[in-house]
Colleague: 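Have a look at this one.
Quick note: numbers below take in every heavy atom, side chains included, and nothing from hydrogens, waters or symmetry partners.
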Amino acid sequence: MNKTIALIPGDGIGPDVVAEAVNVLNAVADKYGHHFEYKNVIAGGCAIDKFGKPLPQEQLDICLNSDAALLGAVGGPKWDNLPSEIRPEKALLGLRGGMKVFANLRPAVMWKQLKDACPLKDEIVGDGLDILIVRELTGGIYFGDRGTSEDQNTAWDTEKYTRPEIERIVRMGFEYAQKRQKRLCVVDKANILNSSQLWRRVAEDVKKDYPDVTLSYLYIDNASMQLVRNPRQFDVIATSNMFGDILSDEASQITGSIGMLASASLGDGTGPGLYEPIHGSAPDIAGKDLANPLATILSAAMLLRYSFSMEKEARDIENAVNAVLDEGWRTGDIAGAKCDEVSAAGKLVGTKKMGQLVVDHIKK
């Protein structure tokens, strides 16, 4: 199978981790007889430096003309003082909006080998965590009307949703819940926000098509607390753009390491999906062979699964990551309190070695 993948390395550790994901994809292609063609895209701070804007249209067009896109990370202190309209993070909104990827799937999975890195007590996490957050990605307060008064003393951002925007997210939440534990929780702030009240009305309407799925609701403040207090109560969470941003980052921390979590941003299936690790650009360790590439490698697995329908190949990558962790190999972020012990055992590795270990397992 021949497929084109747009590579968006971005800033900081982005180029480091994307390079390892490409090595893994190439190993998969060799093993299964596929051909992946890569097209480089400049976006984020590096695009500001070169073009004066975070996402030029011609760079977005490369993504739109590809079968899928793999993103590293954008941003860094170098660009912190720029006006908000040209900050590197605008590239993320531009990619999501331009590619019409309206749903972000963020699995929060605690790998059994990394249980000691989880900040929660054993009796809370039990034998592990596996939560899927379905976040609306192209609406709400991040895309609503906004402004600042001339005297700079008043500013506003508007939360606005339409029924179709909500329905496609809630329906996706029900679909994934059906394939898992048949439990969907819609997170909102319906006691205060009119937009959240609409989320509940739409969810109740869609629920009629999924009688086998249990539907519940939580306010965002309570949901944030419950993720720490009793995370195993959750199976699939569907929520708005801003609330999903908050909850998915919180969920990533309770699983033990933000360096292990992948994400997929999907549309209606007619265009390319956007895949990325959820960690930041970490410019302080960029180019030092210290970054954990596993989240990006696992994002590549999601790319194969959701955009290319290559389930066997995706599972091969995930099994390889699992095998590497079973053998005790760790980057600094997932070695945690056992860093000295891991180092003494010769199992503390950098970005390139970790990527090569995954490649070696795929080739077996």
Side-chain angles (χ1 to χ4, degrees), residues 4-26 36 38-51 53-56 58-60 62-63 66 68-80 82 86-96 98-99 101 104 106 137 245 248-249 252 257-265 272-303 317 321 331-334 349-356 358-359:
T4 300
I5 301 173
L7 300 178
I8 318 167
D11 311 312
I13 63 173
D16 303 337
V17 295
V18 167
E20 298 311 312
V22 169
N23 289 339
V24 169
L25 286 169
N26 286 339
F36 300 142
Y38 305 103
K39 295 184 178 180
N40 290 317
V41 175
I42 302 173
C46 55
I48 294 171
D49 291 346
K50 185 169 183 176
F51 305 113
K53 57 180 70 173
L55 183 64
E58 63 270 19
Q59 299 299 312
L60 174 60
I62 296 174
C63 297
S66 300
L70 181 64
L71 170 66
V74 299
K78 177 181 179 180
W79 305 281
D80 279 351
L82 292 176
I86 60 168
R87 285 174 60 93
E89 292 76 12
K90 282 292 183 179
L92 295 178
L93 299 183
L95 287 165
R96 293 165 181 169
M99 296 175 68
V101 287
N104 182 235
R106 289 198 176 188
L137 204 59
D245 194 359
S248 57
D249 282 350
S252 73
S257 174
I258 200 170
M260 290 296 299
L261 300 184
S263 77
S265 298
L274 176 64
Y275 301 84
E276 60 180 301
I278 71 170
H279 59 63
S281 61
D284 56 317
I285 61 170
K288 297 180 180 179
D289 196 33
L290 295 174
N292 183 353
L294 294 180
T296 313
I297 290 170
L298 291 168
S299 295
M302 294 185 79
L303 182 156
I317 293 176
V321 170
T331 49
D333 63 306
I334 55 176
V349 297
T351 311
K352 296 178 181 179
K353 177 65 174 179
M354 183 61 86
Q356 186 59 49
V358 176
V359 167

Colleague: Apply side chain to side chain contact (heavy atoms under 4.5 Å, CB included) to residues Val22 and Ile5 and explain how you reach the verdict.
Modeller: CA-CA 10 Å; Val22 169; Ile5 301 173; over 6 Å; no
Colleague: Go through the steps to decide whether Leu274 and Ile8 satisfy the test side chain to side chain contact (heavy atoms under 4.5 Å, CB included), and finish with yes or no.
Modeller: CA-CA 10 Å; Leu274 176 64; Ile8 318 167; 4.1 Å; yes
Colleague: Could you tell me which residues satisfy salt bridge (charged side-chain N to carboxylate O under 4.0 Å, His left out) with Asp289, sequence neighbours excluded, listed by chain and number?
Modeller: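 For Asp289, no residue satisfies salt bridge (charged side-chain N to carboxylate O under 4.0 Å, His left out) once neighbours in sequence are set aside.
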Colleague: Report the C-alpha separation of Leu294 and Val358 in whole Å, then their side-chain angles, then the decisive distance to 0.1 Å, and conclude whether the side chain to side chain contact (heavy atoms under 4.5 Å, CB included) test is met.
Modeller: CA-CA 9 Å; Leu294 294 180; Val358 176; 3.8 Å; yes
Colleague: What's the spacing between Ser263 OG and Leu298 CG if we round to 0.5 Å?
Modeller: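 With rounding to 0.5 Å, OG (Ser263) is 11.0 Å from CG (Leu298).
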Colleague: Take Met354 and Ile297 through the side chain to side chain contact (heavy atoms under 4.5 Å, CB included) test and state the conclusion after the steps.
Modeller: CA-CA 10 Å; Met354 183 61 86; Ile297 290 170; 5.8 Å; no
Colleague: Tell me, please, which residues at least two apart from Lys78 pass side chain to side chain donor-acceptor pair (under 3.5 Å).
Modeller: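 So Lys78 forms a side chain to side chain donor-acceptor pair (under 3.5 Å) with Asp49.
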Colleague: Residues in side chain to side chain donor-acceptor pair (under 3.5 Å) with Asp245, at least two apart?
Modeller: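 Here the qualifying residues are Tyr142.
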Colleague: Could you tell me which residues satisfy side chain to side chain donor-acceptor pair (under 3.5 Å) with Asn26, sequence neighbours excluded, listed by chain and number?
Modeller: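 For Asn26 the side chain to side chain donor-acceptor pair (under 3.5 Å) partners, ignoring immediate neighbours, are Tyr38.
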Colleague: According to side-chain contact (heavy atoms from CB on, under 4.5 Å), who are the partners of Ala68, at least two apart in sequence or on a separate chain?
Modeller: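 For Ala68, the residues satisfying side-chain contact (heavy atoms from CB on, under 4.5 Å) (neighbours in sequence not counted) are Tyr275, Leu303, Ser307, Phe308.
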Colleague: To the nearest 0.5 Å, what is the distance between CG (Leu137) and CG (Leu93)?
Modeller: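 Spacing of CG (Leu137) from CG (Leu93) equals 8.5 Å.
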Colleague: With sequence neighbours excluded, what pairs up with Ala73 under the side-chain contact (heavy atoms from CB on, under 4.5 Å) test?
Modeller: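 Here the qualifying residues are Ser281.
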Colleague: Which residues satisfy the side chain to side chain donor-acceptor pair (under 3.5 Å) test with Ser252, sequence neighbours excluded?
Modeller: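 Checked Ser252 against side chain to side chain donor-acceptor pair (under 3.5 Å); zero matches.
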Colleague: Could you list the residues that satisfy side-chain contact (heavy atoms from CB on, under 4.5 Å) with Pro56, not counting sequence neighbours?
Modeller: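 Partners of Pro56 under the side-chain contact (heavy atoms from CB on, under 4.5 Å) test: Ala47, Phe51, Lys53, Glu58, Gln59.
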Colleague: Counting distance only, does the side-chain N/O of Thr351 pair as donor-acceptor with the main-chain N or O of Ala291 below 3.5 Å?
Modeller: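 Indeed, once roles are kept as given, a pair shorter than 3.5 Å links the two residues.
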Colleague: For Leu82, enumerate each residue passing the side-chain contact (heavy atoms from CB on, under 4.5 Å) test, keeping only those at least two apart in sequence or located in another chain.
Modeller: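 Checked Leu82 against side-chain contact (heavy atoms from CB on, under 4.5 Å); matches are Ile48, Trp79, Ile86, Arg87.
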Colleague: How would you list, by chain and number, every residue that makes a salt bridge (charged side-chain N to carboxylate O under 4.0 Å, His left out) with Arg96, sequence neighbours excluded?
Modeller: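 Glu276.
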Colleague: Just to verify, what does Lys39 make a salt bridge (charged side-chain N to carboxylate O under 4.0 Å, His left out) with, not counting sequence neighbours?
Modeller: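 Per chain and number, Lys39 pairs via salt bridge (charged side-chain N to carboxylate O under 4.0 Å, His left out) with no residue.
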Colleague: State which residues pass salt bridge (charged side-chain N to carboxylate O under 4.0 Å, His left out) with Asp249; sequence neighbours excluded, sorted by chain then number.
Modeller: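 Asp249 satisfies salt bridge (charged side-chain N to carboxylate O under 4.0 Å, His left out) with Arg106 once adjacent residues are dropped.
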